[in-house]
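Every heavy atom of this structure was used, including side-chain atoms; hydrogens, water molecules and symmetry mates were not.
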Amino acid sequence: MLYLLLASTFSALLYGVFFSNSAPSLTRISVKTAATALLTLWAYYSGAPLLIVIALAFSTLGDGLLGASEERYLLPGMAAFFIAHAAYIPVFWEHAAETRTIYVLGLQVVMTVGGAFFVRSMMPWIDKAMRLPVLAYAIIILIMANGALRLEPALGLAIVGALAFVTSDLILTLELFRLKPDAPIKRLTARAIWFLYYGGQAAIAWSFIHAIA
């Protein structure tokens, strides 16, 4: 199944370097969704837990929707990624470490409080119709991230991947609601969002495939 992972990685690099800042087009959407679709197939055929495969599949759907139009399909795209985050939660809980250290508890508290403050600070910049969906999305992300921090040591790469996924969503939130459409920094944020997101998903899948094999 290595060829599926290599093809996925190639598509991800192609999108990140050449298409992450381009206007929506069939080619752009195809390259973007190919990266996560191939990653989904690789995870499935490599024996990843079913919920990991489901998370990747819904991420692919979200990629297609947001790749087509972030304005028109923002809510459906968020819904797809909401399901993706939710799918990770039971898997993370199932593979939680037997004990929670003070260090992990501290990280969970910092992440939860920091996430709450971030969402609160963003609300004045978000349209009223979008505030409830953004709040719900933030809650599911924080639950997923807290679950990731509890993972057993053998799944350390999955922890890093989950935090990268969360970071990509944080930057995307700033890009969608705070940055102007023509802000020069978007050339950097778009690539950062993509590589953190794709790399995070790949790390989670890789970790589970190899740690529980």
Side-chain angles (χ1 to χ4, degrees), residues 12 15-16 19-24 28-29 32-33 35-36 55-56 58-89 92 107-149 158-204:
Y15 178 82
F19 293 100
S20 58
N21 285 290
S22 64
R28 181 178 187 262
I29 298 170
K32 185 178 188 182
T33 55
T36 41
L56 291 171
F58 273 96
S59 295
T60 303
L61 175 60
D63 285 337
L65 290 167
L66 296 182
S69 174
E70 288 183 349
E71 294 182 359
R72 179 179 295 182
Y73 301 117
L74 180 57
L75 274 176
M78 286 177 62
F81 282 113
F82 183 98
I83 295 172
H85 283 292
Y88 281 125
I89 293 170
F92 290 173
L107 286 176
Q108 288 179 315
V109 170
V110 169
M111 175 173 291
T112 303
V113 174
F117 273 106
F118 175 77
V119 173
R120 178 65 184 86
S121 69
M122 289 298 300
M123 284 301 169
W125 304 91
I126 300 173
D127 292 340
K128 290 184 178 180
M130 286 296 299
R131 289 178 183 176
L132 186 58
V134 169
L135 178 61
Y137 191 79
I139 290 171
I140 203 69
I141 288 175
L142 287 173
I143 295 173
M144 186 275 286
N146 274 278
L149 289 173
I159 299 174
V160 174
L163 295 180
F165 196 177
V166 171
T167 303
S168 73
D169 275 325
L170 186 151
I171 299 172
L172 179 59
T173 302
L174 291 171
E175 186 179 84
L176 287 173
F177 300 113
R178 288 298 304 270
L179 295 181
K180 295 180 179 179
D182 58 348
I185 197 173
K186 276 194 170 186
R187 298 193 64 82
L188 296 177
T189 58
R191 289 191 172 95
I193 291 165
W194 173 251
F195 285 119
L196 285 167
Y197 156 75
Y198 175 84
Q201 297 264 55
I204 293 171

Minimum heavy-atom separation for A192 and I171, please, with both atom names. CB-CD1, 4.3 Å

Does M78 reach the side chain of L65, with side-chain heavy atoms less than 4.5 Å apart? no

Give the minimum heavy-atom separation between P124 and S121, together with the two atoms involved. CD-O, 3.4 Å

Rounded to the nearest 0.5 Å, how far does OH of Y137 lie from CG of L75? 12.0 Å

With the side chain counted from C-beta on, respond yes when I89 and I140 share a heavy-atom pair under 4.5 Å apart, and no when they do not. yes

Answer yes or no: does atom CZ of F19 have more than 12 heavy-atom neighbours from other residues, nucleotides or ligands under 6.0 Å? yes

Closest heavy-atom pair, A148 versus A162, reported as atoms and distance to 0.1 Å, is CB-CB, 3.5 Å

Do the side chains of L170 and V166 get nearer than 4.5 Å, heavy atoms only? no

Within the side chain of R191, is there an N or O that forms a donor-acceptor pair under 3.5 Å with the backbone of S20? no

Main-chain N/O of A12 paired with W194 side-chain donor or acceptor, under 3.5 Å: yes

For F165, give me all partners under ring-ring contact (aromatic ring centres under 6.0 Å, His included), at least two apart in sequence or on another chain. H85, Y197

Are there over 12 heavy-atom neighbours, none belonging to F195, within less than 6.0 Å of that residue's CZ? yes

L66 versus F81: any side-chain heavy-atom pair under 4.5 Å? yes

Are side-chain heavy atoms of T173 and R178 found at a separation under 4.5 Å? no

Nearest 0.5 angstrom please: F118 CZ to M111 CE, how far? 13.0 Å

Stepwise side chain to side chain contact (heavy atoms under 4.5 Å, CB included) check, F92 with M144: CA-CA 8 Å; F92 290 173; M144 186 275 286; 3.5 Å; yes

Kindly compute the distance separating CG (L179) from CH2 (W125), expressed to the nearest 0.5 Å. 10.5 Å

Could you tell me whether the side chain of N21 and the main chain of R187 form a donor-acceptor pair under 3.5 Å? yes

Mark yes when over 12 heavy atoms from residues, nucleotides or ligands other than R72 sit less than 6.0 Å from its CZ; otherwise mark no. no

For residues T36 and Q201, is any side-chain donor paired with an opposing acceptor at under 3.5 Å? no

Do other residues, nucleotides or ligands put more than 12 heavy atoms under 6.0 Å from the CD1 atom of I185? no

Please examine the side chains of R131 and V134, heavy atoms only from C-beta on, and report whether any two atoms are closer than 4.5 Å. no

Measuring from I193:CD1 to E175:CD, what's the distance to the nearest 0.5 Å? 4.0 Å

Passes side chain to side chain contact (heavy atoms under 4.5 Å, CB included), T189 versus L174? Steps please. CA-CA 9 Å; T189 58; L174 291 171; over 6 Å; no

Once you round to the nearest 0.5 Å, how far does CD1 of I141 lie from OG of S168? 8.0 Å

Report yes if some heavy atom in the side chain of I126 is under 4.5 Å from a heavy atom in the side chain of L176; otherwise report no. no

